[in-house]
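Contents: one structure, followed by commentary.
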Protein chains: 2
Amino acid sequence: MLGLKLPFKQQQFEAREEAILDAVNSLLSRKGYDLMTMDDVAEAVGIAKGSLYKHFSSKEKLAAAAMVRLLNETLVELDAMPEAWSAIDRLEGMLRWSLEHRLKGGVPHLPSTRGAFQRSLLMNLDYVAAAMKLNKRVYALIDEAKLHGDIAQDMPNEVVAFTLYARSCDPTVDFLRQSKTLSDAEIVDALVDTTLRGLTGSRRKALRRKPDAHPPAAAPRSLARTR
Amino acid sequence: MLGLKLPFKQQQFEAREEAILDAVNSLLSRKGYDLMTMDDVAEAVGIAKGSLYKHFSSKEKLAAAAMVRLLNETLVELDAMPEAWSAIDRLEGMLRWSLEHRLKGGVPHLPSTRGAFQRSLLMNLDYVAAAMKLNKRVYALIDEAKLHGDIAQDMPNEVVAFTLYARSCDPTVDFLRQSKTLSDAEIVDALVDTTLRGLTGSRRKALRRKPDAHPPAAAPRSLARTR
DNA sequence: GTCTATACACCGATAGAC
DNA sequence: GTCTATCGGTGTATAGAC
């Protein structure tokens, strides 16, 4: 009896941390890192602000923990996919899951803020480790999909990976939702469609850029910088 | 002589406003709206903070003015394109221009912040007017491109438009730049490529989703909400 | 109009009682 | 560990001298 008391309290402690991360997850997606205050989090969880700091020693640690949890959930989701799915199916599945997760009020995979948050994340060892683990998995899938001819060979892997990640924090999602003409399911379909097949839609055989067409490949004005 | 004095002062006044907007443009792209302070702007321009409020009565007005100027510049760019260009060429040209503008340190077309800025913009009459004007132009181009078979017919116009706008505030741009493996010109090419032709690359005739393939169209888990 | 100085509010983090 | 109260710092906006 007495031997169970400590594990119980510990279990309760971890349950509260989960509740905190849920609140952070929701707030982070609605207001972003900069506008999310510790008061917001405390109020959403139903505890005092001071108590928050007994669980997480800073706002940055708190937000990073939520991001790490998301990355790990994504990995679990990848592992839970049907055996029959090919590499491109899994990548599409991950993208769908991300978009649905976001539409339900979850954090995006990438920090959309151009602020201090991104930099603090890169100095957080837990986050970097989780990100690298997921990234390795995704890169392997991309390589496999390229072998199957499902992804253009000449597309750099990092472009593919970041494009997939970034779609979950694309403001297009918010704007489409605000315009109210598409359901959530249709928004997901549209985003998946444009991401994988582009605006031209690879269903059509006719390609826009014929071998000897006029040259819109170059920039309209010579603004290109090699940096 | 004396008749020119007033126009001169006025000209000087407007030149200073241009300088202010340049600074805002740069700061807004680097730090985002929330992290950009009026002190930052004042220091960048080289004037006192109090003087700023003689030109713009609030931070929101200031940021909105920068966004309006960007939208108008985009319209000018669209009008300056070669006559021979088709609708899809112009849309691609606009996308390229946006990406290059962003890589040179300019504001993105959409407010990436999930904060109060977006809401304040929608209550700014000047911004809404400029956005509607550009939007009308873009929608016309999309319709024309669809007629030519350059854009998938079943893609809603708003999805196409927002996808084009959103690409200029895509965090992929930042991450690719940080990884240092691609030049700025290559980043632009890659982004334009994925946007128009998707990750699968519509150069290949073989399409991923055959008519009677297995069904990855449905979500991996039934997370779809009709809302 | 441009400057300096300041009012007012908010937020992250801490202190200390219980 | 949870609470209330508070410190220190920062940011928007304004006041007032020149």
Side-chain angles (χ1 to χ4, degrees), chain A residues 5-21 23-24 27-28 30-66 111 113-121 123-124, chain B residues 5-21 23-24 27-28 30-66 111 113-121 123-124:
Chain A
K5 202 177 178 186
L6 196 87
F8 171 71
K9 291 207 76 170
Q10 190 174 342
Q11 190 177 343
Q12 196 179 11
F13 184 85
E14 287 172 7
R16 185 145 31 212
E17 289 212 340
E18 284 292 305
I20 293 175
L21 290 185
V24 171
L27 285 166
L28 216 48
R30 290 208 315 273
K31 316 182 71 172
Y33 178 78
D34 299 320
L35 266 66
M36 178 188 77
T37 71
M38 295 301 265
D39 292 273
D40 289 336
V41 180
E43 189 191 22
V45 181
I47 62 178
K49 180 166 60 168
S51 306
L52 263 185
Y53 284 86
K54 298 290 180 181
H55 293 264
F56 299 94
S57 60
S58 74
K59 185 185 178 184
E60 292 185 350
K61 294 259 181 66
L62 178 56
T113 37
R114 201 170 315 293
F117 184 44
Q118 180 180 326
R119 199 162 38 82
S120 91
L121 272 182
M123 301 204 306
N124 184 303
Chain B
K5 201 178 181 185
L6 196 86
F8 171 72
K9 290 207 78 170
Q10 189 174 343
Q11 190 178 344
Q12 195 178 13
F13 184 84
E14 287 172 6
R16 185 145 32 216
E17 289 211 341
E18 283 293 304
I20 293 176
L21 289 184
V24 171
L27 284 165
L28 215 48
R30 289 208 316 272
K31 316 183 72 171
Y33 178 78
D34 299 320
L35 265 67
M36 178 189 78
T37 70
M38 296 299 268
D39 292 275
D40 288 335
V41 180
E43 190 193 21
V45 181
I47 62 176
K49 180 165 61 169
S51 306
L52 264 185
Y53 284 87
K54 298 290 180 182
H55 292 265
F56 300 93
S57 59
S58 75
K59 185 184 177 186
E60 292 185 352
K61 294 257 181 64
L62 178 57
T113 38
R114 200 170 314 296
F117 184 43
Q118 181 181 326
R119 198 161 39 81
S120 91
L121 272 181
M123 301 202 307
N124 185 304

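We name chains A, B, ... by the order of the sequence lines, and we start the count at 1 in each one. Only heavy atoms go into these numbers, but all of them, side chains included; no hydrogens, no water, no symmetry mates.
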Are the side chains of [Y] and [X] in contact, using a 4.5 Å heavy-atom criterion?
X: A:E17; Y: A:F56; result: yes
X: A:E60; Y: A:N124; result: no
X: A:Y33; Y: A:Q118; result: no

Query - Under-4.0 Å side-chain N/O to phosphate OP1/OP2 contact, A:R16 with D:dG1 - result: no
Query raised in the report: Just to confirm, is there a sub-4.0 Å distance from OP1 or OP2 of D:dG1 to any side-chain nitrogen or oxygen of A:S51?
Result: no
Nearest-angstrom distance from the residue atom [atom1] of [X] to [atom2] of [N]:
X: A:F56; N: D:dT2; atom1: CZ; atom2: P; answer: 12 Å
X: A:L62; N: C:dA13; atom1: CG; atom2: C1'; answer: 13 Å
X: B:H55; N: D:dA13; atom1: NE2; atom2: P; answer: 16 Å
X: B:L52; N: C:dT2; atom1: CG; atom2: P; answer: 9 Å
X: A:K54; N: C:dA17; atom1: NZ; atom2: C1'; answer: 12 Å

**Report entry** Given A:K49, A:R30, A:K31, the one that forms side chain to side chain donor-acceptor pair (under 3.5 Å) with A:D40
**Finding:** A:K31
Report summary line: In B/S/- notation (B base, S sugar-phosphate only, - none; protein heavy atoms under 4.0 Å), nucleotides 5-12 of chain C written 5' to 3' is ------SB
Requested in this report: Select one nucleotide: of D:dT2, D:dT4, C:dT2, the one nearest the side-chain heavy atoms of A:A48.
Outcome: D:dT4
Report task. Mind listing the closest non-hydrogen atom pair of A:L35 and B:A116 along with its distance? Result -> CD2-N, 3.8 Å
**Report entry** Nearest atoms (heavy-atom pairs only) where A:A23 meets A:V45
**Finding:** CB-CG2, 3.7 Å
